[in-house]
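Encoded as structure tokens, the structure appears first; notes follow it.
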Amino acid sequence: MLGFLIAEALRDLRRAGRVALSAMLLITLALAALGAFWTLTSNLGDAVAKWRDRVRVIVYLKSEPDPASVPALLARVQAVPGVASATYVGRTQALASLKRVLGKDATVVDHLGANPLSASIEIAPAASASASPEAARAMLARLAEFPEAEEVAGSADWVERLSEWQRLLAFVGLGIGGVLALAAILTVTTATTLVLHARRQETEIMRLVGAPEFVIRLPLLLQGMLQGLVGAVVAVGLLVGAWRLGAPHFEPLIELTLGLPQLTFMPPVQLAALVVTGTLLGGLGGWLARAGR
Amino acid sequence: MLGFLIAEALRDLRRAGRVALSAMLLITLALAALGAFWTLTSNLGDAVAKWRDRVRVIVYLKSEPDPASVPALLARVQAVPGVASATYVGRTQALASLKRVLGKDATVVDHLGANPLSASIEIAPAASASASPEAARAMLARLAEFPEAEEVAGSADWVERLSEWQRLLAFVGLGIGGVLALAAILTVTTATTLVLHARRQETEIMRLVGAPEFVIRLPLLLQGMLQGLVGAVVAVGLLVGAWRLGAPHFEPLIELTLGLPQLTFMPPVQLAALVVTGTLLGGLGGWLARAGR
Amino acid sequence: MIELQGVWKTFSVGPVKVPALSDVSFRVTRGEFVVLTGPSGAGKTTLLRLLYREDVPSEGEISVLGQELNSARRREVAALRRSIGIVFQDSKLLPGRTVYENIAFVLRVTGTQRSEITARVFDALRAVGLSARAQAYPAQLSQGEAQRAALARAIVRRPTLLLADEPTGNIDDAMAAEIHDVIKDIWVSGTTVLFATHQARLATLLKRRTLVLEGGRLVKDQG
Amino acid sequence: MIELQGVWKTFSVGPVKVPALSDVSFRVTRGEFVVLTGPSGAGKTTLLRLLYREDVPSEGEISVLGQELNSARRREVAALRRSIGIVFQDSKLLPGRTVYENIAFVLRVTGTQRSEITARVFDALRAVGLSARAQAYPAQLSQGEAQRAALARAIVRRPTLLLADEPTGNIDDAMAAEIHDVIKDIWVSGTTVLFATHQARLATLLKRRTLVLEGGRLVKDQG
Ligand SMILES: Nc1ncnc2c1ncn2[C@@H]1O[C@H](COP(=O)(O)OP(=O)(O)OP(=O)(O)O)[C@@H](O)[C@H]1O
Ligand SMILES: Nc1ncnc2c1ncn2[C@@H]1O[C@H](COP(=O)(O)OP(=O)(O)OP(=O)(O)O)[C@@H](O)[C@H]1O
Ligand SMILES: [Mg+2]
Ligand SMILES: [Mg+2]
């Protein structure tokens with residue numbers, strides 16, 4: 001019996017011909033776009049995380065502290081909520097790094113009589129402090145209250161900027177997700193209606209001769225699932241192919257622009273999830289066919 | 001007669017119901033995506049142009065020249081192919097701008113005995129020089145040959161970077177364009193097949209009673225055009241709506257990230273082109289219906 | 001076997017009410033051969049559709065093969081239909097399948113063993129004299145051939161009850177006589193037959209119990 | 001008016017060759033009423049399809065209303081068909097339109113003035129006795145009513161030639177007699193009629209020139 005039902009499903013696909021092909025290709029497109037967006041988002045997420053790691057707050061000290069008291073000071077700074085790590089930068093170190101930064105103009109340092117720079121503490125903020133501008137401002141205020149602190153450089157700006165980036169990402173994701181969802185629903189609806197139409201006469205005869213309900217519905221379901229499966233497998237193939245061809249070409253470019261040394265692709269589990277999604281989507285279309293009458 | 005043909009077209013649309021709706025929505029999606037991409041590309045293009053304008057090459061001079069000879073020197077620099085404009089920066093000016101750049105560390109400048117900086121010429125490269133790394137390298141080599149030049153800062157890097165950005169844009173454009181073209185073709189094909197199927201019996205009777213060819217074909221054409229028109233108008237509506245809602249929200253963010261103070265929307269002519277494209281696309285589908293049998 | 005009690009069926013076409021059946025009652029017992037006749041539009045097809053529950057009466061009770069139809073659930077309707085063979089007035093052959101496939105389809109979807117199918121299909125085709133056209137598609141058949149294929153499909157499952165709606169409407173008299181013989185053979189083998197035709201002459205010819213519908217009323221029940 | 005010269009038509013069904021028409025020749029002159037008869041599968045429908053050029057002969061020449069069919073171009077075929085009224089054996093009513101709309105549709109697509117349409121449609125419906133069902137959809141008609149609607153559609157343009165394929169196949173005898181009268185009226189008003197039926201009896205009844213097909217051969221031409 002199952003053999004017959006599958007044969008019926010294949011027959012429907014052949015008969016629907018160009019339209020079945022369209023439905024499969026639309027599922028392919030929707031899933032490929034979904035996969036591409038998924039990859040893009042996760043890589044952009046990596047880039048944002050990396051930029052967040054690079055953010056530093058600097059506390060300039062009024063005077064260079066006694067080397068022995070440095071560990072205690074660092075411990076107190078690290079106790080401030082939102083501080084992930086703190087590093088002491090002495091005056092000599094500061095001058096050396098200024099020289100690195102100046103590059104061509106480094107000669108000015110050699111002409112200096114005395115070292116005019118202050119000692120400072122470089123702080124990497126924790127994720128909790130970057131989560132909201134309020135948390136960041138609270139941390140900066142606490143740091144400014146230290147008696148040793150002359151000035152705190154770094155503001156809530158970077159947090160603002162990061163959260164703007166994340167909003168942008170979320171917005172783009174929502175937009176693409178919405179469009180894809182719409183396209184997928186349309187695809188399924190269209191395919192459903194077509195399948196239904198193509199099988200109308202078969203369904204009528206089946207009902208009139210008293211075929212059991214599952215015999216009537218199963219070919220529709222199987223056929224939908226088959227379309228979804230084929231679409232999803234092609235989509236995965238396209239994604240893997242695009243990745244193989246594109247990634248080596250894009251990695252240097254992405255490193256240059258986003259500072260991300262290496263792109264990551266979807267793990268096999270996600271690819272499998274994509275295939276399952278496609279199959280279920282197609283099956284849903286087939287199953288809905290009855291309701292759609 | 002035309003009234004009858006239009007009535008027939010509307011009747012077909014009503015009868016195709018959900019599927020006609022799907023076709024219209026797919027056309028809407030394709031055109032909306034096209035429009036969004038168009039807007040995005042042109043704004044990114046603006047941003048790239050702006051960054052290109054900001055690029056500077058600096059020629060450090062061996063000694064501070066006689067103020068009287070500066071105009072002649074600038075004229076010679078400006079004669080180099082690829083130089084758009086050249087500005088002289090004296091040693092005092094250089095120190096002042098270094099102070100601005102140093103910010104918090106500006107105190108070092110006040111501790112200096114003598115001004116250790118060189119005079120320099122700041123050059124804005126012309127578009128021709130940014131067009132290719134070869135042209136940029138040629139310009140840099142010509143500048144280094146000046147007897148007054150001690151060193152030329154600035155490399156072919158920025159050009160490389162810009163051209164990478166442009167390649168990225170072109171690639172994304174190509175990708176989205178390809179996907180959209182595919183989706184549009186599929187939509188048209190699917191709609192065509194459906195319309196054809198819905199009209200099969202009408203067409204048969206029309207042929208059998210000897211209706212002229214244009215009466216048989218025109219409703220298909222009109223109906224396709226109507227679908228395309230509705231889809232395109234909705235797409236334009238969506239784009240304008242999204243722009244109205246989104247632009248004020250995004251402009252500050254875009255200024256922060258891309259340094260573009262203000263976004264530009266598609267001019268009315270392009271919107272009209274979108275509507276025409278949709279109508280033609282739909283009409284093509286309708287017209288193809290006959291060939292598709 | 002079949003029992004109708006005060007059955008009415010009224011269709012609404014816009015504001016107009018079309019009374020297709022008015023207060024029809026009769027019984028058919030197991031093994032009978034009943035001819036249902038009446039002019040065009042009398043309600044014959046409507047009555048048959050009620051019997052296989054493709055439609056429900058506006059009023060009245062119907063039971064077929066012991067199944068009360070008004071209260072029947074989907075599963076029961078399907079089971080009932082598996083015991084009924086139907087020849088539709090508009091044949092309802094699937095255009096995308098050959099004559100052989102059309103008949104095999106019915107066996108397939110109701111769960112007949114695969115090994116039996118070919119033999120049973122060809123038995124049915126032989127009975128209606130259509131074995132030579134087994135591989136033809138419906139569009140390649142004359143209308144008479146199509147009606148015979150539809151009859152073959154109705155009898156291939158050896159039904160308990162055969163409902164035949166004008167099975168000889170498009171067939172010449174010689175061929176029709178053959179078809180009547182086929183249906184009589186099925187009846188002899190134990191199937192109850194309800195045979196609808198507008199040809200009053202045929203009812204006389206068949207010499208069986210005859211129900212006559214006119215304008216939706218049962219005006220005669222004799223034989 | 002109609003002239004066939006050595007016409008053959010063979011269909012291929014897989015490897016099998018089905019000879020539907022074998023060496024058929026005859027002439028029909030303007031104003032004749034010709035009955036075409038023969039058993040089921042004799043080739044009547046096939047012959048009519050050749051006359052309105054829905055199909056082309058495998059061999060032989062056909063001309064209709066002075067138009068040579070083998071060499072006719074699409075535009076000429078359309079013009080020819082506008083002069084022919086056809087009653088199809090399978091009625092071919094559009095299921096999504098009412099009886100009125102089905103008939104008006106034919107006038108519309110062939111360019112009849114809008115103002116004339118209603119009157120002409122109702123004239124045709126009255127002629128076949130179906131004015132009361134004008135607003136019904138085909139699915140709401142009995143088969144006999146559907147055939148009458150199809151006849152109304154064929155005559156509404158007052159054709160020069162009427163090709164009727166079993167226009168009374170599903171109609172009871174009383175109604176059939178009325179339909180024959182309708183067709184006779186049309187013939188009297190000047191239309192040439194070719195009337196195909198499997199009911200040999202009818203040919204006798206109509207007392208007109210009769211062509212008899214059997215297995216694709218013209219075996220008799222009398223009357
Ligand atoms: N679905 C429907 N909606 C409205 N009216 C209908 C419907 N089905 C049938 N009728 C009407 O009911 C009446 C009986 O129709 P039915 O098809 O039962 O006649 P019949 O006896 O089978 O005629 P025939 O011999 O021509 O097939 C007719 O007037 C028909 O128009
Ligand atoms: N398209 C086709 N392909 C193959 N065979 C066909 C085709 N059309 C008709 N035939 C065959 O040609 C023969 C003549 O068919 P036709 O329909 O002309 O018969 P008919 O005289 O109209 O019969 P009826 O009275 O049953 O309508 C039949 O055997 C039929 O099966
Ligand atoms: Mg009937
Ligand atoms: Mg025929």
Side-chain angles (χ1 to χ4, degrees), chain B residues 1-24 191-227 283 286-293, chain D residues 48-49 51-55 64-65 67 72-98 101-115 117 137-138 149-150 152-163 165:
Chain B
M1 191 63 157
L2 192 68
F4 169 67
L5 294 177
I6 291 175
E8 284 294 299
L10 283 174
R11 180 193 183 92
D12 279 356
L13 281 182
R14 246 195 341 272
R15 195 164 38 171
R18 206 164 55 173
V19 174
L21 212 68
S22 293
M24 274 188 270
T192 300
T193 311
L194 293 173
V195 167
L196 184 78
H197 197 85
R199 275 197 81 80
R200 215 165 15 109
Q201 293 171 305
E202 263 85 355
T203 307
E204 188 190 1
I205 283 292
M206 285 197 258
R207 287 194 194 288
L208 287 175
V209 301
E213 199 62 18
F214 81 93
V215 176
I216 299 175
R217 289 215 215 165
L218 223 53
L220 287 173
L221 180 70
L222 287 175
Q223 183 214 329
M225 285 175 72
L226 225 79
Q227 277 178 297
W287 191 253
L288 281 177
R290 203 184 133 266
R293 274 199 91 170
Chain D
L48 293 190
R49 283 165 57 88
L51 294 183
Y52 55 86
R53 202 159 181 290
E54 184 60 3
D55 214 335
V64 175
L65 298 177
Q67 172 70 53
R73 271 163 301 146
R74 178 185 291 174
R75 190 180 293 266
E76 291 165 347
V77 170
L80 173 70
R81 287 177 179 170
R82 284 199 287 276
S83 307
I84 306 181
I86 313 172
V87 183
F88 304 98
Q89 194 167 6
D90 55 346
S91 92
K92 291 195 199 294
L93 295 173
L94 299 171
R97 301 178 196 246
T98 63
E101 288 167 347
N102 261 285
I103 300 170
F105 184 76
V106 171
L107 294 177
R108 280 283 178 93
V109 299
T110 52
T112 305
Q113 289 290 316
R114 215 172 167 161
S115 51
I117 289 180
Y137 286 90
R153 184 179 59 186
I155 63 176
V156 72
R157 271 183 314 157
R158 297 173 199 135
T160 314
L161 172 63
L162 179 69
L163 301 177
D165 198 354

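Each chain gets a letter, A, B and so on, in the order its sequence line appears, and its residues count up from 1.
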- Query: Is it true that a side-chain atom of Arg157(D) and a backbone atom of Val209(B) form a donor plus acceptor pair closer than 3.5 Å?
  - Reply: yes
- Task: Please name the pair of heavy atoms, one in Arg207(B) and one in Arg81(D), separated by the smallest distance, quoted to 0.1 Å.
- Result: O-NH1, 2.8 Å
- Query: Can you tell me how far the CZ atom of Arg108(D) sits from the CE atom of Met206(B), to the nearest 0.5 Å?
  - Reply: 12.5 Å
- What part of Arg114(D) gets closer than 4.5 Å to chain B, counting heavy atoms only: side chain, backbone, both or neither? neither
- Measure distances from Ile216(B) to the heavy atoms of chain D and classify the residue's part below 4.5 Å as side chain, backbone, both or neither. neither
- Where do Val109(D) and Ala211(B) come nearest, in terms of heavy atoms and distance? O-CB, 3.5 Å
- Item | Separation of Arg153(D) CZ from Ile205(B) CD1 (nearest 0.5 Å) | 4.0 Å
- Task: First locate atom CD of Glu54(D), then atom CD of Glu204(B), and finally report the distance between them rounded to the nearest 0.5 Å.
- Result: 6.5 Å
